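Working notes, structure below.
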Amino acid sequence: MGWFSSLGTRASGGPKTLPGTAESHHSLGLAALLEGLAGAGKMQVLDLGSAVGSNVDYLARYGCKLYIEDLYAAISARGAANPGESRLSPSFLAESLAFSPDTRFDAVLAWDLFNYLERQELAALAMYLAPFCRPGALLLALISIGKQMPQQPMRFRIIDPDTLAYEQQSKAERPCPRFSLYDLSEQMRGFRLSRSFLMRHGIQEYLFQRLPD
Amino acid sequence: MAWKRDDAPSPEPAPTVRPTPPPPLEQRPPNRGLATIGPSIFVKGDLQGEEDLVIEGKVEGKVDLKKNHLTIGAAGRVRADIFGKVVIIEGEVDGNVFAQEQAILRKSGAVRGNITSPRVILEDGSRFRGSIDMEPKAEAKEAPVRPQNAPARSETSADAKHTPPPAAANRPVA
């Protein structure tokens, strides 16, 4: 068994982008986040999606130190190995997102991960991440508002500061939790909503900001 | 002179030695001229040297080839920190990667650890967990490099803020 088997099927299978499933969309949330990144010194950015080479290349231009932790893949792997257990327990988070205590992120790219979490999991994740974010740090979340959404989180590729390519892993779909602003604000303790953008393609982009300690 | 060939050609030509044709490509030893740790080799301990190395086997211990190219082949498994000038990963690395010039994670490759290098390439399909730090520390000592974002900070126009700094490829390389 490979050392990376714990990363789950999504990671171990590599990209499964089906031809024709990548679409580009305008992203005002990304533009706002990148605008924030360009205004400071060396930044620390956490990407909670899968590793995308072009994103690494792109963010490197900002002089970022980039952390990549595909949390959904880790959750899937854990679920397969330990069915019935709580998905985002404190021990799991500490193991999957093992940052040194002095780590302080300036930005977090959650992409569409929140769509695949329960409310209490969202709260647990926010509570875990908050101490690792400096006050004022920005978190980008893309929330689906349609009835259905892809079975798995998509891969997001930064095309330019305000354009994202959405790459669907498969054509399968599942019901969408359709989190409201109230839901998110309730669960995202330690953060406040900074800006939100309703996009034409059925995605509400939220930019949360870490509150001062 | 009886031995003059032109005067008395031999009825039976002398046997000629024909060069042996090279073996088919797939039978040749891989990467001739490169040191290679083969797929059946398991090394437990630190590796150090001053020549390029290909690891196709398993290594548990620090690999230190700071001045050379280091390739972790598709069958290679390294569980340790690795140092190289250029590090190419096609197999699996469980440890930190330090490449003085460039680190390349091929689509078949997987890294669980932190990558520190002025230039990092992740091919689509590669698996990575950890951090990537592309700060060109080594170059900064020789030729001070202005912080990447310094010009952008002094700009006030919105367009300037949206424009990313130059690509990493434009950075000086040792």
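Chain letters run A, B, ... following the sequence lines, proteins first and then strands; every chain starts at 1. This is a predicted model, so every value here is computed, not measured.
Looking at B:I132, the atoms closer than 4.5 Å to chain A (heavy atoms on both sides) sit in the backbone and in the side chain alike.
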Please determine whether side-chain contact (heavy atoms from CB on, under 4.5 Å) holds for the pair A:S50 and B:R127, giving the CA-CA distance in whole Å, both sets of side-chain angles, and the decisive distance to 0.1 Å.
CA-CA 8 Å; A:S50 54; B:R127 290 157 288 157; over 6 Å; no
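Judged as a ring-ring contact (aromatic ring centres under 6.0 Å, His included), the pairs with a partner in residues 73-103 of chain B (not counting sequence neighbours) are, in order, B:F83-B:F98.
B:S131 and A:K65 make their closest contact through OG-CE, 3.5 Å (heavy atoms, listed as atom of the first residue, atom of the second, distance). Nearest approach of A:A60 to B:M134, heavy atoms of both residues: CB-CE, 3.2 Å.
Put simply, the side chain of A:V52 does not reach to within 4.5 Å of the side chain of B:L122, judged on heavy atoms. With contacts defined as side-chain heavy-atom distances shorter than 4.5 Å, the pair B:D133/A:K42 qualifies. Residues A:D57 and B:R119 are in side-chain contact: their nearest non-hydrogen atoms beyond the backbone lie under 4.5 Å apart.
More than 12 heavy atoms of other shown residues, nucleotides or ligands fall within 6.0 angstrom of atom CE in A:M199. More than 12 non-hydrogen atoms from other residues, nucleotides or ligands lie less than 6.0 angstrom from CZ of A:R174.
With rounding to the nearest 0.5 Å, the separation of CG in B:D124 from CZ in A:R157 is 4.0 Å. Atom CZ of B:R129 is separated from atom CG of A:D70 by 8.5 Å, given to the nearest 0.5 angstrom. The distance from atom CD1 of B:I115 to atom CG of A:L66, rounded to the nearest 0.5 Å, is 10.0 Å.
Between chain B and the options A:A98, A:G53, A:A51, heavy-atom pairs under 4.5 Å are most frequent for A:G53.
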